[in-house]
Amino acid sequence: QVQLVESGGNLVQAGGSLRLSCAASGRTFSNYAMGWFRQAPGKERDFVAAINWSGTSTYYADSVKGRFTISRDNAKNTVYLQMNSLKPEDTAVYYCAAKPARLGTVSVYNTAGSEYGYWGQGTQVTVSS
């Protein structure tokens with residue numbers, strides 16, 4: 001199995017930027033597609049972004065498209081989420097997740113949390129208005 005640890009969450013003003021990191025350990029990192037999800041207080045967990053094993057395919061929720069960028073560095077066993085133009089509605093606990101599959105592409109079919117077998121503990125992002 002793979003262990004995931006997120007970092008980089010913080011309090012930031014609207015319009016600002018943050019970069020989240022998710023460090024993986026355990027199994028071969030490049031055998032996993034990776035995703036970012038978020039959960040705001042009182043709401044369900046939502047998909048944010050996904051990336052395939054090689055980093056050549058990405059997919060985003062409409063709410064973050066054009067503002068967030070997912071990337072990965074397989075040499076460092078790390079996946080990133082660069083978040084720009086942050087809005088108060090982006091406030092949530094952000095989780096990274098791993099899906100044990102070397103997918104050629106990621107798409108809307110890879111947005112369900114149930115597809116991802118491994119999860120980190122989450123990192124808090126708070127955006128003030």
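- Heavy-atom minimum distance, Tyr116 versus Gly35: CE2-N, 3.7 Å.
- Atom CZ of Phe47 sits about 7.5 Å away from atom CG of Asn110, to the nearest 0.5 Å.
- Atom CG of Asn74 is separated from atom OG1 of Thr28 by 10.0 Å, given to the nearest 0.5 angstrom.
- In plain terms, the two heavy atoms of Thr78 and Ser21 that are nearest each other are CG2-CB, 4.2 Å.
- Looking only at distances, no side-chain donor or acceptor of Gln13 sits under 3.5 Å from a matching main-chain atom of Ser128.
- The other residues sharing a hydrophobic cluster with Leu18 are Val2, Leu4, Val12, Leu20, Phe29, Tyr32, Met34, Trp36, Val48, Ile51, Tyr60, Val64, Phe68, Ile70, Val79, Leu81, Met83, Leu86, Tyr94, Tyr118, Val125, Val127, where clustering joins ILVMFWY side chains under 4.5 Å apart.
- For the pair Gln82 and Ser17, the tightest heavy-atom approach, listed with the atom from each and the gap, is NE2-CB, 4.0 Å.
- Classification of Lys87 and Asp90 as a salt-bridged pair fails, no side-chain N sitting under 4.0 Å from a carboxylate O.
- Of all the heavy atoms in Phe37 and Thr111, the pair that sits closest is CE2-O, 3.4 Å.
- Here the closest non-hydrogen pair linking Gly117 and Pro100 is N-CD, 4.5 Å.
- In this structure, the side chain to side chain contact (heavy atoms under 4.5 Å, CB included) partners of Val93, at least two apart in sequence or on a different chain, are Tyr95, Gln124.
- Within 6.0 Å of the NZ atom in Lys43, the count of heavy atoms belonging to other residues, nucleotides or ligands does not exceed 12.
- No donor-acceptor pair under 3.5 Å is formed between the side chain of Asn77 and the backbone N or O of Ser25.
- Judged by distance alone, the side chain of Arg72 and the main-chain N or O of Asn52 form a donor-acceptor pair under 3.5 Å.
- Put simply, the side chain of Thr123 gets close to the backbone of Gly9: a donor and an acceptor are under 3.5 Å apart.
- With hydrogens and angles disregarded, no donor-acceptor distance shorter than 3.5 Å links the side chain of Gln39 to the backbone of Ala92.
- A donor-acceptor pair under 3.5 Å is absent between the side-chain atoms of Gln1 and the main chain of Arg27, judged by distance alone.
- Arg67 places a side-chain N or O within 3.5 Å of a backbone atom of Ser85 that can act as its donor or acceptor partner.
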Worked verdict on Ser63 versus Arg38 for side chain to side chain contact (heavy atoms under 4.5 Å, CB included): CA-CA 12 Å; Ser63 59; Arg38 66 186 181 186; 3.5 Å; yes
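- Arg19 contributes no side-chain N or O that, together with a main-chain N or O of Gly8, makes up a donor-acceptor pair within less than 3.5 Å.
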